[in-house]
Amino acid sequence: MIPALTIENLSKVYGNGFEALKGISMTVQQGDFYALLGPNGAGKSTTIGIICSLVSKTAGRVQVFDADIDEDFPAAKKYIGIVPQEFNFNMFEKVFDIVVNQGGYYGMPVELARERAEKYLRELGLWDKRDEASRNLSGGMKRRLMIARALVHEPRLLILDEPTAGVDIEMRRAMWDFLQKINAEGTTIILTTHYLEEAEALCRHIGIINQGEIVEDTSIRELLRRLHREVFILDSVEEVPDDLDIPGFQCRKLEDHSLEVEVQKGQHINQVFSALDERGIAISSMRNRANRLEEMFVTLVEGAA
Amino acid sequence: MNAREQFNAFSTILRKEVRRYLRIWTQTLLPSAITMSLYFVIFGSLIGSRIGDMGGFTYMQFVVPGLIMMAIVTNSYSNVVSSFFGSKFNHSVEELLVSPTPNYIILMGYVIGGVTRGLLVALVVTLVSLFFTQLHIHSYLVVVVVVLMTSTLFALAGFINAVYANSFDDISIIPTFVLTPLIYLGGVFYSMDLLPDFWAAVSKLNPLVYVVNAFRYGVLGVSDVSLPFAFGMIALFTVIAFSYSMHLLNTGKRLRQ
């Protein structure tokens with residue numbers, strides 16, 4: 001099966017001489033939910049900009065399904081729906097008109113564009129706001145409006161550049177559910193995000209880009225498997241003694257009823273519980289000190305720096 | 001995109017443009033009607049009655065074609081420059097750039113949007129002029145062709161201005177410091193015969209001279225320049241403006257990074 005997106009040796013040098021991409025290559029398979037991660041200025045938005053024609057590439061090849069952007073960019077564009085990082089609609093236009101017009105730009109007859117606009121505005125909970133000027137929407141609603149707009153031509157590849165930035169937790173969860181639903185229906189999704197728990201919850205594959213280079217391109221499961229250590233915070237019922245020592249583990253008392261334990265790859269957290277049990281310390285709750293993916297991300301990015 | 005899809009994209013842009021200027025008609029249509037009424041009263045009735053004949057017509061009859069053309073030029077230009085720069089400024093132009101709409105359809109959509117506003121304002125100004133004088137059209141064909149070519153030319157010029165503009169100041173500099181002087185020096189208020197030979201020759205570099213005189217020929221049947229030459233010059237300027245606009249879109253200058 002042909003990949004949804006193939007990027008080969010893609011590079012971009014801006015007019016001021018800044019080399020944003022240094023010959024990156026990556027592949028996203030059809031039906032995948034792919035996370036593109038990287039620190040600010042790593043090259044994520046440049047990559048997305050090239051794919052959807054807002055940025056001109058310096059060299060390299062980009063193919064969307066069967067369409068090479070150098071040979072048939074209009075065909076490639078038809079496959080893509082883009083949800084950019086910044087709001088990029090006319091704030092004075094009505095919500096419904098913004099979505100319908102986008103359908104028109106993709107060549108859809110106005111009746112079909114209106115049907116689709118209603119469908120996606122309903123699905124994203126914006127139908128009641130259809131006659132509002134878009135400037136009157138909340139931040140979360142504006143993000144959902146951009147998703148509805150990107151879906152009006154029912155693209156096979158949906159690219160979202162930090163879609164949940166600044167969105168409250170409830171709304172973020174609702175957007176996750178919606179994205180998982182359309183992914184299950186067959187839409188390939190590429191997502192950039194700074195919320196690593198978002199990538200872990202939604203995505204199956206991950207690409208990490210840093211300083212214009214891909215430093216990792218693998219499945220999330222494989223990436224986490226390579227994690228060498230995890231740090232847990234345990235909340236105890238009894239007070240944690242100052243001189244607590246669990247052989248083979250690094251532990252540190254944080255507060256009277258809280259301690260931090262580092263578990264290396266190959267070790268088992270059960271051993272920690274057994275040692276604490278022998279000392280008469282019961283554990284009431286436990287959590288990761290940091291998101292596991294976040295630890296791996298920091299390791300990879302710092303390692304490349 | 002096939003032809004049908006391209007037409008759908010074109011009609012979407014055009015519909016959006018027309019809705020935009022109709023929604024804010026007090027800023028887009030009304031000012032021209034008021035300004036031109038003042039021109040008719042001041043230059044046509046009050047001052048014009050003391051000037052006497054110009055080119056064999058009353059001064060009011062002489063200035064009406066030029067003032068109608070002035071309204072067409074300024075409105076078709078300002079519609080495209082403000083609309084396209086606005087879409088650049090709020091980044092909504094990206095909606096079009098990421099779509100498969102061909103560049104010539106994007107250009108046509110905005111330009112025809114500007115043309116329709118120019119025509120609508122021309123109609124309003126013509127109706128206003130009928131309160132001050134009687135209009136007898138010498139050649140409807142010439143009038144229609146000149147109006148369409150002129151509004152297209154200045155809509156294209158507005159598009160080029162919008163692409164280069166970085167701020168709202170930039171979209172008012174050209175109309176204020178270039179377009180308005182060209183209009184006033186383009187024979188709207190006087191016949192070229194009144195100019196010394198040197199300035200008459202210099203005036204032939206001004207595209208507004210051909211536009212105003214070709215339109216005046218359509219209305220009154222008189223012109224300071226030959227009609228075929230005027231049409232040729234308008235067509236030449238239009239082809240240059242269209243080619244340059246397409247070059248800007250195809251290279252993505254000031255639109256793509």
Side-chain angles (χ1 to χ4, degrees), chain A residues 12 14-16 18 20 45-46 48-58 67 72-94 97-113 133-135 146 149-150 152-153 155 159, chain B residues 1-28 82-110 112-113 247-257:
Chain A
K12 172 66 185 176
Y14 284 102
N16 60 6
F18 175 67
S45 294
T46 298
I48 289 174
I50 291 171
I51 296 167
C52 65
S53 90
L54 294 177
V55 178
S56 308
K57 64 184 171 67
T58 303
D72 194 354
F73 215 153
K77 287 174 168 180
K78 273 192 173 182
Y79 289 131
I80 302 171
I82 175 80
V83 181
Q85 201 177 118
E86 307 290 340
F87 301 131
N88 68 343
F89 44 78
N90 185 338
M91 293 288 174
F92 297 98
E93 261 186 291
K94 288 180 184 173
D97 291 342
I98 288 172
V99 182
V100 172
N101 286 344
Q102 191 69 15
Y105 301 153
Y106 280 82
M108 292 164 60
V110 69
E111 302 79 23
L112 179 60
S134 59
R135 67 178 182 277
M146 292 204 294
R149 185 185 60 179
V152 70
H153 64 291
I159 301 173
Chain B
M1 281 180 118
N2 59 35
R4 180 80 201 168
E5 290 171 329
Q6 290 188 18
F7 176 76
N8 289 338
F10 167 74
S11 58
T12 301
I13 301 169
L14 180 57
R15 191 171 54 243
K16 186 166 75 79
E17 285 300 290
V18 173
R19 273 189 189 161
R20 189 194 71 86
Y21 69 69
L22 290 180
R23 188 175 63 230
I24 51 172
W25 64 275
T26 52
Q27 299 169 43
T28 52
S82 60
S83 178
F84 196 75
F85 177 73
S87 68
K88 249 179 65 174
F89 186 78
N90 62 30
H91 296 284
S92 63
V93 70
E94 290 174 7
E95 292 176 336
L96 272 165
L97 298 180
V98 302
S99 79
T101 305
N103 287 334
Y104 80 92
I105 294 287
I106 295 175
L107 184 61
M108 275 177 58
Y110 275 95
I112 302 299
H247 167 73
L248 291 173
L249 276 168
N250 289 337
T251 55
K253 192 175 176 72
R254 308 257 180 161
L255 295 172
R256 294 183 165 92
Q257 291 177 295

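Below, chains carry the letters A, B, ... as their sequence lines are ordered, and counting in each starts from 1.
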Under 3.5 Å: donor-acceptor pair, side chain of A:Ser53, backbone of B:Leu97: yes

Strictly by modelled atom types, are A:Thr46 and A:Tyr14 linked by a side-chain donor-acceptor pair under 3.5 Å? yes

Looking only at B:Ile106, B:Thr101, B:Ile13, B:Thr12, most heavy-atom pairs under 4.5 Å shared with chain A are made by B:Thr12

A:Asn101: partners by side chain to side chain donor-acceptor pair (under 3.5 Å), with sequence neighbours left out: A:Glu93

Report which part of A:Leu54 has an atom under 4.5 Å of a heavy atom belonging to chain B: side chain, backbone, both, or neither. both

As an exercise: rank B:Val98, B:Asn2, B:Val93 by heavy-atom pairs under 4.5 Å with chain A and give me the winner. B:Val98

Is A:Phe73 close to chain B through its backbone or its side chain, or both, or neither, when contacts mean heavy atoms under 4.5 Å? neither

Look only at the side chain of A:Lys77 and the backbone of B:Ser99, and say whether a donor-acceptor pair between them is shorter than 3.5 Å. yes

By a 4.5 Å heavy-atom criterion (distance strictly below it), what part of B:Arg19 contacts chain A: side chain, backbone, both, or neither? side chain

State which residues pass side chain to side chain donor-acceptor pair (under 3.5 Å) with B:Arg254; sequence neighbours excluded, sorted by chain then number. B:Asn166

Engaged part of B:Gln6 at the chain A interface, taking heavy atoms whose separation is under 4.5 Å: neither

